[in-house]
Amino acid sequence: MSDKTMAFNRRSFVKGGIAAASGLALGALAGCGNAPVKSQAEPAAGGSSVALPDSITMADVENSAVELEPITDFAAEETYDIVVVGAGCAGVPAVVTALEEGATVCCLQKESIVSANGAGASCVAHKYSDPAAVARWTSLWAEENLWRFNRELFKYWEERSDETLSWILQKGLAVGVEPNVCLTGESVYLDGLGTVAVCKAIQPGNQVLMEALAAQAEKDGAVFHYSTPAVQLVQDESGAVTGVVGKASDGSYIKVNANKGVILAAGDYMNNESLLNRYNGDVIDWQPDLINHTGDGHILGALAGGRIAPGPHPRQIHSLFSDDRVFLATPILSLDPEGNRFMNEEVVMTDWNTVMKYCYPADMKKHLYRFLDSAVEEKFPGVATVEDVEALVQGTIEGGGERGSGLGVGLATYKGDTLEELLYNMGIDDPQPFLDGIARYNELCASGADTDFGKNPAYMKAVDTPPFYGIINNPETLSANNGGLLVDEHYQVIDAEGNPIPGLFSAGVNGGDVCGGINWHMPAGSSNGHCFNAGRYTVIYALTGGLTPSKPAKFEDVEDMFRDPNGKFMWDKPELISHDIPRW
C-alpha cells in the first residue's frame, strides 16, 4: 500500500467513525467544547482542499506549524523504530528509553534546542505506602477535581512513578545533573488507612536535565533534527500512522518513517490563540510562560482521526515563587495593586488566578501583595521561622532586588521596620491605600470575625509586630494547559469510536486528560512526573506491546537521597505530615 503523505485520508476517517462521506457532524463525540460543528464533507477554509475534523478549525491550523496540503517532495527520507515529536519533559525520556530498549530513534524538535519547563517531579514510593491509603488518596484527588478525573491515566502514573523517578534521577546523575533537593513532605497519613509515601526531587531545572540527557542520547545514537517542526503525519491506506514529515529551517521537507510508532510529545497550545479561546478562554489574557507552543501535536493527532479531550482544560497558572513554597498555602493578608483586600486568603496559589480574574479589572496588573510580620512562628506555627523569611529577603537582595524589583521577576520578599518603610521597599509610591487595607484587616482580626470575606477565625492574624515583611507575587504566568488528545490506557491516540489509531501515541500534556478541574489540582510534582512517565512507557509499549522495561530502575537505588540527616523519611513521623492531601 502506498503512503499518504498528508495528515489524514478519507478512508482512515471513515474507518475511525468520522463518517466523512455522510457529512455527519460529530461535535459531541469530538468533545470540542465550543468548537463550531462542521460537516466532514466540507472543505477547509483558506483555499485548502483538505477537510478538517470537528475538533479543530482553520484558525487553529493557521496559528500552528501544521500544513494541510499533501507534501510529496522530500529533501531526505530516514527510517527509525521510534519517531518522537518534541524534545521536552515527555519527548526526551521517550528518546532515552528507546535507546535503552535497543531501538533506533529520531526526534523532530521545533526549537533550535531542547525545550522543557518546571523543576520538580514526584512519585509514590510503593515500598513504604499502604495500598488502601493510596486508593483513598487517589479518590481525594479525584474529588479535588470535581470528579473530572481520569482515574486510569492517574494510576498509569502513580503505579509506575517510583520506577520512573528512580530512572530519571539515575540518568541525570550519570550525566552530571544532581537534584537540588529531595523531599518527602508531600506524604500523607490517612487515619485508619496508613501512609502514602510521596517523594519529590527538585532539579536545577528540567531544561538543564533534559538538555544533558538529550546530549548524551545523541552520543549514544539518537538523531535529533532541531529547528524542524513536524508539519504532517504519514498514514497508510488503512489509517495507520507510519511516519512524520518535518520542515527544516531552509524550507525543505524530511520524511521520517517509524517502524514501531510515532510519539506526539509536542507540548500544549498556550501560544495558539484560537485553541486557547475555545478550550480555555478565560486565560486568554494571562502571560504565557513559553513560546511556540501552538498545539501542533494536538492538530496533527486530530487530523489523523484522533480527538482533543473535552474542555475546559485545566491550566497551570503559577507564580514564579522561587523559595516561597512555605507560604503558597498560608492564608496571610493579601491585597491587590490598589491596596484593596479582595479575597478570603484561604485560597491557595493554584487558584489565585481564578479569584483574580473575577475581582481584578482587566487592565490591572496581575500582581499580589502579601503581608506578614515577625511573629510568624507564633501566628502560623509549623509553617516557617523568622529565619526562613529573612532568607527570602536575603535571596531578593542577592538577586538584585532593588526597590520593587519583584514586579519584574515574579516574586520578591521585602522587609521594613515600619509598614511605611516596607511599602516603600516594595516599590509602592502611594502607601496610604495599603496602610488603610492593613488597618482594616487588623481591626477584623481584633474583632474575631472576618465580616468582609468570611475567613476562618483561626487564620485571622493581625500584621502588627515589627519588623514587617511583604511578598510580591506575580501569578499571571500560564505554565501549561493540561488537556491533550484522547488516549487509551497505553497513551495510544483513539478515534471517535474509541479505537486506537495504529502507530500513533501521545504523551505529556499533548496526550490525555488526567484531570479536568478548572486549575491543575494534582499532587505536587505530578505534572512533570506524569510527563516523564508517559514518555517512557509509551515507547516501551510501542516496542514490546507490554509495560515492562528491559532494564527497570529500582526505588531502592535512590531512596537514600530522600532521607534526612538522621536517616528518616517524613512519613516516619506521622505527627508531622498532613492527614489530608496537601493543597498548594
Parallel, tilted or perpendicular: rings of Trp571 and Tyr128 (30°, 60°):
tilted

Reported [atom1]-to-[atom2] distance for the pair [X] and [Y], which is rounded to 0.5 angstrom:
| X | Y | atom1 | atom2 | answer |
| --- | --- | --- | --- | --- |
| Phe532 | Leu213 | CZ | CG | 8.5 Å |
| Asn150 | Lys155 | CG | NZ | 12.0 Å |
| Asp268 | Tyr279 | CG | OH | 13.5 Å |
| Leu478 | Gln316 | CG | CD | 9.0 Å |
| His313 | Leu276 | NE2 | CG | 11.0 Å |
| Ser578 | Leu190 | OG | CG | 8.0 Å |

Looking at [Y] and [X], is any side-chain nitrogen of the basic one under 4.0 Å from a carboxylate oxygen of the acidic one?
| X | Y | answer |
| --- | --- | --- |
| Lys455 | Asp452 | no |
| Asp464 | Lys379 | yes |
| Glu163 | Arg160 | no |
| Asp450 | Arg341 | yes |
| Arg563 | Asp560 | yes |
| Arg583 | Asp351 | no |
| Lys415 | Glu421 | no |
| Lys110 | Asp296 | yes |

Going by distance alone, is a donor N or O of one side chain under 3.5 Å from an acceptor N or O of the other, for [X] and [Y]?
| X | Y | value |
| --- | --- | --- |
| Glu211 | Gln207 | yes |
| Asn473 | His367 | no |
| Asn353 | Asn519 | yes |
| Thr164 | Arg536 | no |
| Gln170 | Ser166 | yes |
| Glu111 | Asn292 | yes |
| Ser274 | Asn277 | no |
| Asn145 | His521 | no |
| Lys573 | Tyr189 | no |
| Arg315 | Asn280 | yes |

Taking the six-membered ring for Trp and the full ring for Phe, Tyr or His, determine whether the centres of [X] and [Y] are under 6.0 Å apart.
| X | Y | value |
| --- | --- | --- |
| Phe154 | His530 | no |
| Tyr537 | Trp157 | no |
| Tyr369 | Phe434 | yes |
| Tyr469 | Phe371 | no |

Under a 3.5 Å distance rule, please check whether [X] uses its side chain to pair with a backbone N or O of [Y] as donor and acceptor.
| X | Y | value |
| --- | --- | --- |
| Thr465 | Ala375 | no |
| Asp130 | Ala133 | no |
| Ser526 | Met522 | no |
| Asn63 | Asn271 | no |

Residue Tyr226 excluded, over 12 heavy atoms near OH under 6.0 Å
yes

Can you name the closest pair of heavy atoms from [X] and [Y] and give their distance?
| X | Y | result |
| --- | --- | --- |
| Ala201 | Pro179 | CB-CB, 4.4 Å |
| Glu158 | Val124 | CG-CG2, 3.9 Å |
| Pro204 | Val177 | CD-CG1, 4.0 Å |

